[in-house]
Enquirer: 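If you scroll down you'll find the structure; I have some questions about it.
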Amino acid sequence: MLAETMDVTDDIADFLKERFPVLAARGVTPATPLIASGAIDSLGILDLVAFLGERFGVELSDEDFDPDNFETVGTLAAFVERQRA
């Protein structure tokens, strides 16, 4: 399970670095803040949600758009793992 979580975290980090140059310049770790840092805005969240659907088969409901799920790369990876379980 830990290896799967690391793969999810790495895949999300790679997407973020590619899509958001600000994050690439800062570096992306599991503790990297996403929304609070201002690196990702509402359109960025939509891009991220589309990526999660394509890459991991995760479809978000209205309740899933909780800021806590998008707080950091690590919390987002944990959310993806919960959705996939």
Side-chain angles (χ1 to χ4, degrees):
M1 182 76 166
L2 180 59
E4 287 180 22
T5 301
M6 290 306 296
D7 289 343
V8 170
T9 302
D10 290 344
D11 286 352
I12 292 170
D14 290 344
F15 170 79
L16 292 170
K17 287 186 275 190
E18 182 179 304
R19 174 64 179 83
F20 303 99
V22 169
L23 288 174
R26 293 181 191 165
V28 178
T29 70
T32 299
L34 300 177
I35 298 172
S37 68
I40 299 179
D41 60 11
S42 58
L43 291 177
I45 292 292
L46 293 177
D47 285 345
L48 183 54
V49 167
F51 165 75
L52 296 177
E54 291 172 17
R55 175 66 180 93
F56 303 109
V58 173
E59 293 189 25
L60 282 77
S61 66
D62 290 342
E63 300 86 45
D64 296 328
F65 283 93
D66 182 338
D68 290 342
N69 290 331
F70 295 89
E71 186 176 351
T72 67
V73 173
T75 58
L76 185 57
F79 168 75
V80 168
E81 286 295 331
R82 286 192 306 276
Q83 295 299 309
R84 292 173 66 190

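Hydrogens, waters and symmetry mates are skipped; everything else that's a heavy atom, side chains included, is used.
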Enquirer: Do you know the tightest heavy-atom contact between Pro33 and Leu23?
Expert: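 So the two residues come closest at O-CD2, 4.3 Å.
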Enquirer: Using every non-hydrogen atom in the two residues, find where Lys17 and Ala24 come nearest and quote the distance to one decimal.
Expert: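 Of all heavy-atom pairs spanning Lys17 and Ala24, the closest is O-CB, 3.4 Å.
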Enquirer: Tell me which pairs pass ring pair (Phe, Tyr, Trp, His ring centres under 6.0 Å) where either residue lies in residues 7-39, with sequence neighbours left out.
Expert: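 Every pair satisfying ring pair (Phe, Tyr, Trp, His ring centres under 6.0 Å) with a residue in residues 7-39: Phe15-Phe51.
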Enquirer: Any chance you could measure Leu76, atom CG, to Thr32, atom OG1, to the nearest 0.5 Å?
Expert: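 Reported to 0.5 Å precision, the distance equals 11.5 Å.
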Enquirer: Can you list the other members of the hydrophobic cluster that holds Leu43, where links are side-chain heavy atoms under 4.5 angstrom apart?
Expert: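 The other cluster members (ILVMFWY side chains, heavy atoms under 4.5 Å, direct or chained) are Leu46.
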Enquirer: The test is side chain to side chain contact (heavy atoms under 4.5 Å, CB included); show your working for Asp11 and Arg55 and say whether it passes.
Expert: CA-CA 9 Å; Asp11 286 352; Arg55 175 66 180 93; 2.5 Å; yes
Enquirer: Output, in order, the C-alpha distance, side-chain angles, deciding distance and verdict of side chain to side chain contact (heavy atoms under 4.5 Å, CB included) for Asp47 and Ile40.
Expert: CA-CA 10 Å; Asp47 285 345; Ile40 299 179; over 6 Å; no
Enquirer: Do you know which two heavy atoms are closest between Thr72 and Ala31, and how far apart they sit?
Expert: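 Looks like CG2-O, 3.8 Å.
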Enquirer: First locate atom CZ of Phe56, then atom CD of Glu81, and finally report the distance between them rounded to the nearest 0.5 Å.
Expert: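 It is 8.0 Å, given to the nearest 0.5 Å.
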Enquirer: Check whether any side-chain N or O of Asp64 sits under 3.5 Å from a backbone N or O of Ser61 as a donor-acceptor pair, and report yes or no.
Expert: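 Side chain of Asp64 to backbone of Ser61: a pair is present.
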Enquirer: Compare all side-chain heavy atoms of Asn69 with those of Thr75 and state whether any distance is below 4.5 angstrom.
Expert: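 Side chain of Asn69 against side chain of Thr75, heavy atoms only: no contact under 4.5 Å found.
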Enquirer: Go through Leu48 and Leu16 one step at a time and tell me if the side chain to side chain contact (heavy atoms under 4.5 Å, CB included) criterion holds.
Expert: CA-CA 8 Å; Leu48 183 54; Leu16 292 170; 4.2 Å; yes
Enquirer: Would you please test Ile12 and Leu52 for side chain to side chain contact (heavy atoms under 4.5 Å, CB included) and show each step?
Expert: CA-CA 8 Å; Ile12 292 170; Leu52 296 177; 4.2 Å; yes
Enquirer: Among the clusters formed by ILVMFWY side chains lying less than 4.5 Å apart, do Phe65 and Leu34 turn up in the same one?
Expert: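 Yes, it is one cluster - the side chains of Phe65 and Leu34 are joined through contacts under 4.5 Å.
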